[in-house]
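These numbers come from the heavy atoms of this one structure, side chains and all, not from hydrogens, waters or symmetry mates. Every chain is numbered from 1, with letters handed out A, B, ... down the list of sequences.
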There are 2 protein chains.
Amino acid sequence: MDAVGDGTRRAILERLLEHPSAVGELAAGLPVSRPAVSQHLRVLKQARLVTDRQVGTRRIYAVDPQGVREVRAYWERFWSQALAHFKAVADTEAEQRAGSGHEEKSDGDGG
Amino acid sequence: MDAVGDGTRRAILERLLEHPSAVGELAAGLPVSRPAVSQHLRVLKQARLVTDRQVGTRRIYAVDPQGVREVRAYWERFWSQALAHFKAVADTEAEQRAGSGHEEKSDGDGG
DNA sequence: TCTAATCGTAAGTGCTAACTTACGGTAAGT
DNA sequence: ACTTACCGTAAGTTAGCACTTACGATTAGA
């Protein structure tokens, strides 16, 4: 969750989705230093979103599809429950109104 | 995204999913002050996750199911693409492995 | 108009985390 | 063994955010 909350980490994830990469390669394509990327990768690794393996002096990071599925499932469940709950309540309230019209109000605030 | 990244905001959303509430009511059930809730509601409103309407001196906030659907769709698309992309790449690499090894290329960075 | 109730906003504070520089460690080549 | 390449981590700095207190604005009632 926190893992995908940061923009840089999402950029890293996007890169890794295309193909596994070493830390230096990732840093070269991002506006942050190599240690910063390394630290982000640590967070992603703790979140089980990436895996790493050593190849010579380099460390290749790759997306862990299993972790992606888990995070995705978590959020899908969250949103689904949210919508389901809302739908149920809206339905109950509609019955309670029993004939009263439902109106969506717009705040009209421009920003 | 940022909107649901904070725990307090998620708590507010959970409360609002049960039924629309005024700011004071929300604050009374949370361990933060009323202004804090008000600021969180501002973020949720900017994210189109809640709507508000004035009732007397009170302001009633409610979940905007349309916004919830949009945010949900955004993330579902994100994760789906991620998994789809990964699957495609994994498949391609599997074919490549069938004939030759896959080697990561290095490009010297200036440091 | 005066008072009570409710809310948003401004100003200021504390904590988290993202970032950089500096350093040490490991692997490969000569 | 020496050098080069690549990386993770520690230490320190800085920016952002969540929170609180203080204040002004709006609405309802007498």
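The residue among A:Arg9 and B:Tyr61 whose nearest nucleotide of DNA chain C lies closer to the 5′ end is B:Tyr61.
Bounding nucleotides for the chain A contact on DNA chain C, 5' to 3', at a heavy-atom distance below 4.0 Å, are C:dA18 to C:dA28.
Between the CH2 atom of B:Trp79 and the OH atom of B:Tyr74 there is a distance of 10.0 Å, given to the nearest 0.5 Å. Atom CG of residue B:Asp6 and atom CG of residue B:Leu44 lie 9.0 Å apart, to the nearest 0.5 angstrom.
With contacts defined as side-chain heavy-atom distances shorter than 4.5 Å, the pair A:Leu16/A:Ile12 qualifies. The shortest distance between side-chain heavy atoms of A:Val63 and A:Leu17 falls below 4.5 Å. No side-chain heavy atom of A:Tyr61 sits under 4.5 Å from any side-chain heavy atom of A:Thr51.
Taking every heavy atom of both residues into account, B:Leu13 and B:Leu49 meet most closely at CD1-CD1, 4.4 Å.
Residue pairs meeting the salt bridge (Lys or Arg N to Asp or Glu O under 4.0 Å) criterion with at least one member in residues 37-50 of chain A, sequence neighbours excluded: A:Lys45-A:Asp52.
Straight-line distance from the CZ atom of A:Arg42 to the P atom of D:dC7: 16 Å, rounded to whole Å. Atom C1' of nucleotide D:dG8 and atom CG of A:Leu44 are separated by 15 Å, given to the nearest angstrom. The interatomic distance linking B:Gln39 (CD) with D:dT20 (P) rounds to 9 Å, in whole Å. Nucleotide D:dT20 holds its P atom 12 Å from the CZ atom of B:Arg34, rounded to whole Å. The distance from atom CG of B:Leu26 to atom P of D:dC19 is 13 Å, rounded to the nearest whole Å.
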Per-nucleotide protein contact string for nucleotides 25-30 of chain D (B base, S sugar-phosphate only, - none; heavy atom under 4.0 Å): --BS--
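The side chain of B:Thr8 has D:dC19 as its nearest neighbour among D:dC7, D:dA22, D:dC19. Across D:dT20, D:dC6, D:dA18, the shortest atom-to-atom separation from the side chain of B:Pro35 is found for D:dT20.
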Give the C-alpha distance, both sets of side-chain angles, the deciding distance and a yes or no for salt bridge (charged side-chain N to carboxylate O under 4.0 Å, His left out) between B:Arg10 and B:Glu14. CA-CA 6 Å; B:Arg10 282 205 282 189; B:Glu14 303 255 6; over 6 Å; no
For a side-chain contact (heavy atoms from CB on, under 4.5 Å) check, start with the C-alpha distance between B:Arg53 and B:Arg59, then their side-chain angles and the critical distance, and finish with the verdict. CA-CA 6 Å; B:Arg53 65 194 160 97; B:Arg59 188 165 294 187; over 6 Å; no
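Membership of the apolar cluster around B:Val55 extends to B:Ile60, as traced through chained side-chain contacts below 4.5 Å between ILVMFWY residues.
For the helix from C:dT1-D:dA30 to C:dT30-D:dA1, the terminal axes (five pairs an end, C1' atoms, rotation from four pairs onto the next four) enclose an angle of 20°, given to 10 degrees.
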Atom pairs and distances, donor-acceptor, side-chain atoms in residues 21-41 of chain B, under 3.5 Å, two or more places apart:
residue: B:Ser21; atom: OG; partner: B:His19; partner atom: O; Å: 3.1
residue: B:Ser21; atom: OG; partner: B:His19; partner atom: ND1; Å: 3.2
residue: B:Glu25; atom: OE1; partner: B:Ala22; partner atom: N; Å: 3.4
residue: B:Glu25; atom: OE2; partner: B:Arg58; partner atom: NH2; Å: 2.2
residue: B:Ser33; atom: OG; partner: B:Ala36; partner atom: N; Å: 3.4
residue: B:His40; atom: ND1; partner: B:Arg9; partner atom: NH1; Å: 3.1

